[in-house]
Enquirer: 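Below are the structure tokens for one structure; questions will follow.
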Amino acid sequence: MKGKILVTGGTGFIGSHTVVELQKAGHEVVIVDNLSNSSADVVDNIEKVSGIRPAFEKLDCTNLDAMKGLFEKHKGINAIIHFAASKAVGESVEKPLLYYRNNIVSLINLLELMPKYAVEGIVFSSSCTVYGQPDKLPVTEEAPIKKAESPYGNTKQINEEIIRDTVASGSPIKSILLRYFNPIGAHPSALLGELPLGVPCNLIPYLTQTALGLRKILNVFGGDYNTPDGSCIRDYINVVDLAKAHVFAIARIFENKQKEKVEVFNIGTGQGLSVLELIHTFEKATGVKLNYKIVDRRPGDIEQVWADPSKANNELGWKAETTIEDTLRSAWNWQKELRKRGIQ
Ligand code: UFG
């Protein structure tokens, strides 16, 4: 079934790639975004990539009246993919209330409005951060939820609980929680990608900015972890592959294939890569030498985490496909494109 999908945060990094994949699969998309961490130009670029202009509403999901207005205006929304959220771990420690308000009130508004407007399901953008440092690797969906390291991480845990409680109370909705590992890369067209404001906190934008000479040196946070080369290990998932997981989740909801009304899937490659391995792979894949040095550990970092994605592979029918080399080349091409456009 093809549906009308509301994508909150649809001009953001993962949101924009997901909009394109939904359109390619034949769905109609309505984007809502307050543009707090993205720009309206992204809608133009989505249109350039897919050939279809999605509807766009500049609204804040925490504003219940505005969201009611959106559902009145765009009648017949069948499902929601909820990305809209503040996502900087460090900032969340400094401004916890901002994070709790933005991330939690938005979800509550959507869950309240869904039954009123007969919206069947919601796909929620969760994170492997809910596992903390898992006791067993690779981590499965059965692993215990660990105490959150930051207010940001806590909002992901709380939101998962809010969805479970709402469904358990008899709300006629279904949900799929996708726990993303580390999303990286950009669209192969170099028209969509990650646009961090100011100094990037995440590895890949910092790395590509260093490769371009915008930053002097990439600091590798910690060389004395209990890992083969001493640097932290993550599961880096290509953003287009990740976007496709949402299309599978929407199909599962529409086709009534869920085994439970709330299901959870790890979205990762199943491969752990250390920071140093990632740097060397980037150098090989792009031919660009990186200036880097090992510095002290970053407080709050998990030593190592990677996914067991078998549940997503077997039940959702989704699998990561893009090689890490292609993913890193896409991130590099995007960085060069930003330079061409005079953005960075
Ligand atoms: N790192 C560096 N130098 C940098 C930036 C990062 O060495 O300049 C290292 C980090 O220490 C970590 C790895 O690169 O080992 C990845 O760091 P990121 O900041 O890119 O990603 P995180 O794994 O810390 O966090 C990401 C998302 C969060 C999410 C979390 C889930 O940013 O939103 O994954 O584990 F919650």
Side-chain angles (χ1 to χ4, degrees), residues 9 12-15 37 83-93 99 102-103 124-134 137-139 143 145-160 177-185 194 196-211 214-237 239 242 266-269 272-282 290-307 324 327-328 331:
F13 174 42
I14 307 170
N37 197 23
F83 295 105
S86 304
K87 60 166 191 178
V89 175
E91 186 188 43
S92 80
V93 177
Y99 273 65
N102 279 353
N103 295 5
F124 176 63
S125 172
S126 190
S127 164
C128 70
T129 193
V130 303
Y131 300 120
Q133 177 60 63
L137 286 167
V139 63
I145 302 298
K146 295 272 174 77
K147 185 177 165 19
E149 293 270 351
S150 67
Y152 160 76
N154 208 17
T155 64
K156 293 294 176 195
Q157 297 191 2
I158 293 169
N159 278 350
E160 287 198 0
L177 317 175
L178 298 182
R179 292 183 181 152
Y180 313 151
F181 283 68
N182 285 55
I184 63 164
E194 190 172 7
L197 298 175
V199 182
C201 300
N202 295 116
L203 179 60
I204 294 303
Y206 207 106
L207 183 156
T208 55
Q209 288 192 9
T210 308
L214 284 168
R215 313 262 160 221
K216 268 209 197 93
I217 193 156
L218 170 68
N219 290 319
V220 174
F221 297 134
D224 58 353
Y225 283 101
N226 185 24
T227 58
D229 66 19
S231 64
C232 289
I233 296 178
R234 296 287 183 276
D235 184 336
Y236 294 95
I237 170 79
V239 67
L242 170 59
N266 280 343
I267 304 296
T269 65
L273 210 64
S274 76
V275 177
L276 291 172
E277 283 173 325
L278 190 101
I279 290 173
H280 297 137
T281 310
F282 177 86
L290 257 179
N291 199 13
Y292 69 90
K293 69 168 190 292
I294 296 173
V295 299
D296 285 349
R297 293 179 176 196
R298 181 171 72 175
D301 265 341
I302 300 297
E303 181 174 273
Q304 45 188 323
V305 61
W306 66 93
I324 185 71
T327 301
L328 291 172

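Values reported hereafter were calculated over all heavy atoms of this structure, with side chains retained and with hydrogens, waters and symmetry mates removed. These figures come from a predicted structure and were not determined experimentally. In each ligand, atom 1 is the first atom listed, and ligand 1 is the first ligand listed.
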Enquirer: Do Lys293 and Asn219 have side-chain N/O donor and acceptor atoms under 3.5 Å apart?
Expert: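 Yes, because at least one side-chain N or O of Lys293 sits under 3.5 Å from a partner of the opposite role on Asn219.
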Enquirer: Using distance alone, with no hydrogens and no angle criterion, decide if Tyr180 and Ser125 have a side-chain donor and acceptor under 3.5 Å apart.
Expert: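 A pair is found: one side chain offers a donor N or O, the other an acceptor, under 3.5 Å apart.
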Enquirer: Validate the cation-pi geometry between Arg234 and Phe181: distance from NZ or CZ to the six-membered ring centre under 6.0 Å, angle to the ring axis within 45°.
Expert: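 Not flagged: Arg234 not positioned over aromatic ring of Phe181.
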Enquirer: With distance as the sole test, does Ser92 use its side chain to make a donor-acceptor pair with the main-chain N or O of Tyr152 at under 3.5 Å?
Expert: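 Yes.
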Enquirer: Quick one: list whatever passes ring-ring contact (aromatic ring centres under 6.0 Å, His included) with Tyr131, sequence neighbours left out.
Expert: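 Residues passing ring-ring contact (aromatic ring centres under 6.0 Å, His included) with Tyr131: none at all.
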Enquirer: Kindly print each ligand 1 N/O atom paired with any protein N/O atom under 3.5 angstrom away, one pair per line, or none if nothing qualifies.
Expert:
from, atom 1, to, atom 2, distance (Å)
ligand 1, 3 (N), Asn219, O, 2.7
ligand 1, 7 (O), Asn219, O, 3.3
ligand 1, 7 (O), Phe221, N, 2.9
ligand 1, 11 (O), Asp301, OD2, 2.4
ligand 1, 17 (O), Arg298, NH2, 3.4
ligand 1, 19 (O), Asn202, ND2, 3.0
ligand 1, 19 (O), Arg298, NH2, 2.9
ligand 1, 20 (O), Asn202, ND2, 3.4
ligand 1, 20 (O), Leu203, N, 2.9
ligand 1, 21 (O), Asn182, ND2, 3.1
ligand 1, 23 (O), Asn182, ND2, 2.9
ligand 1, 23 (O), Arg234, NE, 2.7
ligand 1, 24 (O), Arg298, NH2, 2.9
ligand 1, 32 (O), Asn202, ND2, 2.8
ligand 1, 33 (O), Tyr152, OH, 3.3

Enquirer: Verify whether one side chain among Glu160 and Ser126 offers a donor that lies under 3.5 Å from an acceptor in the other.
Expert: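 Yes.
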